[in-house]
Number of protein chains: 2
Amino acid sequence: MSELSPRDSIRHGFGQRRSLSRRQYTIGELAKIFEVTPRTIRFYEQEGLLTPERRGRTRVYHEKDRVRLKLTLRGKRLGFSLAEIREVVQLYDQAPDGDERQLQLLLDILGEKREAMQQQLEDIRILQRELDEVETRCRESLALLEEARGKR
Amino acid sequence: MSELSPRDSIRHGFGQRRSLSRRQYTIGELAKIFEVTPRTIRFYEQEGLLTPERRGRTRVYHEKDRVRLKLTLRGKRLGFSLAEIREVVQLYDQAPDGDERQLQLLLDILGEKREAMQQQLEDIRILQRELDEVETRCRESLALLEEARGKR
DNA sequence: GATCAGCTTGACGTTAACGTAAAGTAGACC
DNA sequence: GGTCTACTTTACGTTAACGTCAAGCTGATC
């Protein structure tokens, strides 16, 4: 249940019409699914990244929230700050009704993110080559040690 | 001079044998090249990522240091912590003379980093698709606005 | 020799992203 | 009705990665 793969469970009960959008979660469930603490999830809400429903005082999360959390954590893995992620996430579903200036601004931000990710791809390629080098040298050293032991 | 491309200047003076490894930098020069502050560079030294020569009290940086700084900043762009970067960087040139246990540990760490980067590649692909979606919707909205204005 | 730019150490400040502890509530079960 | 579990808010603590003075040294230049 670590949510590494993008398998959104679409399993239905027997004859039940359990629409995806009706599935709901407690904060603890969501925390377990994504292997974060409830504190983290509350913090993301405080930062405007999640807006769960309230039933009394307790939070109720829906698919929309789960998807957002997933997107947020993905962004984090890529080194984006919560502020940057919020920029995109907020626009993500507020987009269609913005005025022209808003939309243009969104396109600009998207462009920036795109550039950043392009840079990351480049960085990853370079780093992978460098890791390869280190690994090669490392294996050579090991081989030498093996050989020396053989002669002993 | 923003060091985005990997062009290591190999330009020679007229008849001068100016070996690459003899080129040296002050902290300010290095800071300008990579667009960071001297404070940052001193901090990286304090964290064991750089070990510049000392001439009196002042630091003198060589190619080796420049390469390390470059590697460090690349790591940062990929969201690695300085501690993680140090792990790799230190091993990077200390590797050949380690004992077997050390070398094995290095291989393990390399494996981890490799996995992390694989995950990042996946994340980037997904995020790029999502950005594409947002951009499409955004452009559609703009088109609608254009059209509406045409009819007015 | 004064001034200035660029270096130095030292120390405290700041921000992001949570951790953690305290104290209270609300429903499930025995 | 008591206990347990999982939730809640409030608030202070912590860590990483620097920023920001302050105060002093050092070599070049006017």
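Here is the naming used below: chain letters follow the sequence lines, and residue numbers restart at 1 for every chain.
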* A:Arg39: what forms a salt bridge (Lys or Arg N to Asp or Glu O under 4.0 Å) with it, not counting sequence neighbours? -> none
* With B:Glu84 via salt bridge (Lys or Arg N to Asp or Glu O under 4.0 Å) - residues at least two apart -> B:Lys113
* Mind checking side-chain hydrogen bond (donor to acceptor under 3.5 Å, both in side chains) for A:Glu29 and listing every partner two or more places apart, or none if nothing turns up? => none
* Short side-chain N/O contact from A:Lys76 to OP1 or OP2 of C:dC18, under 4.0 Å -> yes
* Under the side-chain hydrogen bond (donor to acceptor under 3.5 Å, both in side chains) test, which residues partner A:Thr37, sequence neighbours left out? -> A:Thr40
* Structure fact -> Per the under-4.0 Å heavy-atom filter, residues of residues 39-55 of chain B near DNA chain D come out as B:Arg39, B:Thr40, B:Phe43, B:Tyr44
* To do: Measure from CG on B:Leu73 to C1' on D:dA17 and round the result to the nearest Å.
  => 13 Å
* Asked: Crowded around A:Gln46 CD? As in, over 12 foreign heavy atoms under 6.0 Å?
  -> yes
* Asked: Separation of B:Arg77 atom CZ from D:dA17 atom P, in whole Å?
  -> 16 Å
* Asked: Among the nucleotides C:dT9, D:dA17, C:dA17, which one has an atom lying closest to any side-chain atom of A:Ser81?
  -> C:dA17
* Atom pair distance, as rounded to whole Å: CG in A:Leu69 and P in C:dA17 -> 15 Å
* Asked: Just checking, is any N or O donor in the side chain of A:Gln119 or A:Asp123 under 3.5 Å from an acceptor N or O on the other one?
  -> yes
* Structure fact -> In whole angstroms, the gap separating C1' of C:dT9 from CD1 of B:Ile27 amounts to 12 Å
* Between C:dG19, D:dA17, C:dA17, spot the one nearest the side chain of A:Leu82, thanks. => C:dA17
* Rounded interatomic separation in angstrom, taking CD1 from A:Ile85 and P from C:dA16 -> 14 Å
* Starting from P on D:dA6, measure out to CD on A:Gln24 and report it in whole angstrom. => 18 Å
* To do: Only counting residues at least two apart or in another chain, list the ones meeting side-chain hydrogen bond (donor to acceptor under 3.5 Å, both in side chains) with A:Glu146.
  => A:Arg149
* Asked: Nearest-Å distance, CG (A:Leu30) to C1' (D:dA6)?
  -> 15 Å
* Structure fact -> salt bridge (Lys or Arg N to Asp or Glu O under 4.0 Å) filter on B:Arg74, not counting sequence neighbours, yields A:Glu130
* Asked: Taking only residues two or more places apart in sequence or in another chain, which ones pass salt bridge (Lys or Arg N to Asp or Glu O under 4.0 Å) with A:Arg55?
  -> A:Glu53
* To do: Round to the nearest Å and state the distance from A:Glu35 atom CD to C:dG19 atom P.
  => 14 Å
* Hey, does the side chain of A:Arg59 come within less than 4.0 Å of D:dT9's phosphate (OP1/OP2), counting only N and O? -> yes
Pick out the pairs of N or O atoms, protein on one side and nucleotides 22-26 of chain C on the other, that lie under 3.5 Å.
none

